[in-house]
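Predicted, not measured: the structure shown is a model, and the values here were computed from it. Within every chain, numbering begins at 1; the chains are lettered A, B, ... in the order of the sequence lines, protein sequences first and strands thereafter.
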Amino acid sequence: MSTPAESSNLMEALVSLAKRRGFIYQSSEIYGGLNGFFDYGPLGVELKRNIRDAWWRDMVHRRDDIVGLETSIIMHPKVWEASGHVAGFTDPLVDCSETKLRYRADQLYYSKFSDHDGNTLGYLVVQEAAHDELLKALDKRIQYLIFKILDREQSGGVHSELKEFTEVKPDELPLCLGPDAKKLGTLTQPRAFNMMFETNVGALKDSSSVAYLRPETAQGMFVDFRNVIDTTRVKLPFGLAQIGKSFRNEITPRNFIFRSREFEQMEMEYFIHPDADWLACHEEWLKWCQDWLKSIGLPESHLSLHEHPKEKLAFYSRRTVDIMFRYPFGVQELWGIAARSDYDLKQHQQFSGVPQTYFDEATKAKVVPHVIEPAVGVDRIFLAVLAAGYAVEDVKDEKGNVEQRTVLRLSPRIAPVKVAVLPLLKNKEQLTTRAKALYAKLKQRYAVQYDDGGAIGKRYRRQDEAGTPWCVTIDFETIEKPGDTFTLRERDSMQQRRITEAELFQLLGEQVY
RNA sequence: GCGGCUGUAGUUUAGUGGUAAAACUCCGCUCUUCCAAAGCGGUAUCGAGGGUUCGAUUCCCUCCAGCCGCACCA
């Protein structure tokens, strides 16, 4: 295991490389940046696109049972009421200035405590618990208030009924004793915090025009479930796949692009018959996702599984397993595979009044399908391939001096540039003419670069940092000897061999898919 | 949202109460027969705003951004 300092250094090195080579910039940098937002530069946008394309090809094009979808980012506000996001994403939060602890106001209860003459002595705040536990806690706090804070000789007084702390009034706050506080008045007013970005549709900013930027792409696929059934020939089981931006107003965006406020999801909702073996289906998708991650070059050694304990499952889920990735800052969630049951379709059925059913020809019955959902963040995969591929190696030059080489070992499938075409020398026209001809031919099909700047070694290293798997050098052997061969220099091994144009295209055809 | 640390060229860093230096990168030119060659030239309102001061990149305050920890993450 690396130490926190090393991890931090690795992340700094990655951020630095990402900027230096044009993978990722901070958003709005010239205005001081904006927390939780990022831009993808010329190399970054290629890498990101390749990740998306690889997923789409494997998930949609190469399967018979999955079709694609692209739904709008802003949807009818009722969608988010039905999905539970309006209620679920609104957490009123309370901070304690003394203990620095943070509570959810809807999980706190408070009670006024008065002496027998009716004078208010204070408000006791306790955390949600079973009824008798809660009363026990309340009693403890009363004793604490009387003897430690008010410094009285004997107890006595009455407490009023418990109320949810969300109802606390500003003038009561100075007399509130926080659940873990030793002084009065350390709690803040509950502040509503909704993870959804709000906006307004139309010209008038009244409450009827409130809309949300979607916090997940999934709901678009549930809402269009009927449309797809009615207009295409899909039969259960089948999947709807979507790639698109989602937005969450995270309290604290952290770890570079890992948790940001604007991010891109690749989600697939796989609809199955309610009587189908959902557990087996869930296992199948779990396996599929792991295999796919390996196919884009993530090493198995960095992957692990995390099964959500039953008591911590989200309300819609019967089972959720996360594929975890060992990032420099720790093992974190990469891909969540959730068995969402029929929760979402049933919710939309109820809220919209439109039946969300599928006609089962076999039983002649209408059923509401269940759903298995693999959901992954493009940006998280991006960071994972960057972190896993990044290496600084010691390399010996011809004099035996040790130098350092920075290399990004990206899979040819997703590398932003597949091949760099390099004339050995810039000022020899036979070399550059042949190189430019090859470049022109390659770029019809692949993302390639032409580079004639500086010495050849420098150009190799530059491509190493960009993650380009192969460099092709047009040298004197190309133009002087028969066979029209080039030097093929391989990124990871730095080995060189001679290759013809036909062989090069064959290599690319096999490796870039 | 809280606490600690930080912010000087594209990157990594040096430095000072009297308007800034280096290495590498990048761009241009010269040169160069396979792993960051050499030479010349170019690139900074020292994160932003305010205050103290004759004078602030340096000291103070606020904000913004970043890192670490806590909390949060339906």
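- Whole-Å rounding puts the A:Gln26 CD to B:G10 P distance at 14 Å.
- Counting non-hydrogen atoms under 4.0 angstrom, A:Arg462 reaches the backbone sugars and phosphates but no base.
- Of the nucleotides present, B:U62 is the one that pairs with B:A48 by Watson-Crick or G-U wobble criteria, both distances under 3.5 Å.
- When the shell of 6.0 Å around CD of A:Glu429 is examined, it contains 12 or fewer heavy atoms from other residues, nucleotides or ligands.
- A:Met195 places its CE atom 14 Å from the C1' atom of B:G1, with the value rounded to the nearest Å.
- The distance from atom CD of A:Glu429 to atom P of B:U33 is 17 Å, rounded to the nearest whole Å.
- Between A:Tyr327 and A:Phe325, the ring planes lie perpendicular to each other; the angle is over 60°, past the 30° to 60° tilted range.
- A:Glu477 comes within contact range of no nucleotide atom at all, as no heavy-atom separation falls under 4.0 Å.
- Rounded to the nearest Å, the gap between the C1' atom of B:C24 and that of B:U6 is 23 Å.
- Base pairing analysis places B:A37 opposite nothing; no Watson-Crick or G-U wobble pair with both distances below 3.5 Å involves it.
- Per the geometry, NZ belonging to A:Lys458 stands 4 Å off P belonging to B:U25, to the nearest Å.
- Here A:Gln332 lies out of heavy-atom contact (under 4.0 Å) with every strand.
- Pairing for B:C31 is absent, judged as Watson-Crick or G-U wobble with the two contacts each under 3.5 Å.
- Note on A:Ser16: only backbone sugar-phosphate atoms sit closer than 4.0 angstrom, heavy atoms only; bases stay farther off.
- Residue A:Lys19 has no polar side-chain atom (N or O) positioned under 4.0 Å from OP1 or OP2 of B:G10.
- Base contact: A:Gln496 has a heavy atom under 4.0 Å from a base atom.
- A cation-pi geometry, defined here as NZ or CZ lying under 6.0 Å from the six-membered ring centre and within 45° of its normal, does not hold between A:Lys418 and A:Tyr446.
- Atoms CD1 (A:Ile30) and P (B:A9) sit 16 Å apart, rounded to a whole Å.
- Not a single donor-acceptor contact under 3.5 angstrom links the side-chain atoms of A:Arg405 to the base of B:C35.
- Atom name C1', nucleotides B:A21 and B:U30: the rounded distance is 28 Å, in whole Å.
- For A:Phe256 and A:Phe38, the ring centers are positioned less than 6.0 Å apart.
- Between the P atoms of B:C67 and B:U8, the separation comes to 14 Å (whole Å).
- Protein atom CD of A:Glu250 is 14 Å distant from nucleotide atom C1' of B:G1, rounded to whole Å.
- Whole-Å rounding puts the A:Ile474 CD1 to B:U33 P distance at 17 Å.
- Both A:Arg461 and A:Asn35 lie near RNA chain B, and the one whose nearest nucleotide falls closer to the 5' end is A:Arg461.
- The gap from the P atom of B:C63 to that of B:A56 amounts to 23 Å, rounded to the nearest Å.
- Crowding of A:Arg49 atom CZ: a count of heavy atoms from other residues, nucleotides or ligands under 6.0 Å not exceeding 12.
- B:G51 and B:U11: their C1' atoms are spaced 34 Å apart (whole Å).
- In this structure, A:Glu267 does not pair ionically with A:Arg214, as no charged nitrogen and carboxylate oxygen lie closer than 4.0 Å.
- Look at the C1' atom in both B:A9 and B:U43: the space between them is 7 Å, to the nearest Å.
- The gap from the C1' atom of B:U45 to that of B:A37 amounts to 36 Å, rounded to the nearest Å.
- If you check B:G17 for Watson-Crick or wobble pairing at under 3.5 angstrom, you find it has no partner at all.
- When each of B:C35, B:A36, B:U11 is scored by its nearest atom to the side-chain atoms of A:Arg21, the top-ranked nucleotide is B:A36.
- Across the strands present, B:U53 finds no partner; the criterion is a Watson-Crick or G-U wobble pair with both atom distances under 3.5 angstrom.
- What separates CD of A:Glu393 from C1' of B:A36 is a distance of 14 Å, to the nearest Å.
- Across all strands shown, B:C70 forms a Watson-Crick or G-U wobble pair, both distances under 3.5 Å, with B:G1.
- Within 4.0 Å (heavy atoms only), A:Phe256 reaches sugar-phosphate atoms of the nucleic acid but no base atom.
- Cation-pi check for A:Arg380 over A:Phe258 is met; the charged atom lies under 6.0 angstrom from the ring centroid and within 45 degrees of its normal.
- Of the candidate nucleotides B:A37, B:U11, B:A71, B:A37 has the atom nearest to the side chain of A:Ala455.
- Remark: B:U11 base-pairs with B:A23. Criterion, Watson-Crick or G-U wobble with two distances under 3.5 Å.
- Counting atom types as modelled, A:Arg254 pairs a side-chain N or O with a base atom of B:G69 as donor and acceptor under 3.5 Å.
- A:Arg340 and A:Ser317 share no side-chain donor-acceptor pair at under 3.5 Å.
- A gap of 30 Å separates the C1' atoms of B:C46 and B:G39, to the nearest Å.
- Within the 4.0 angstrom heavy-atom criterion, base atoms lie near A:Asn427.
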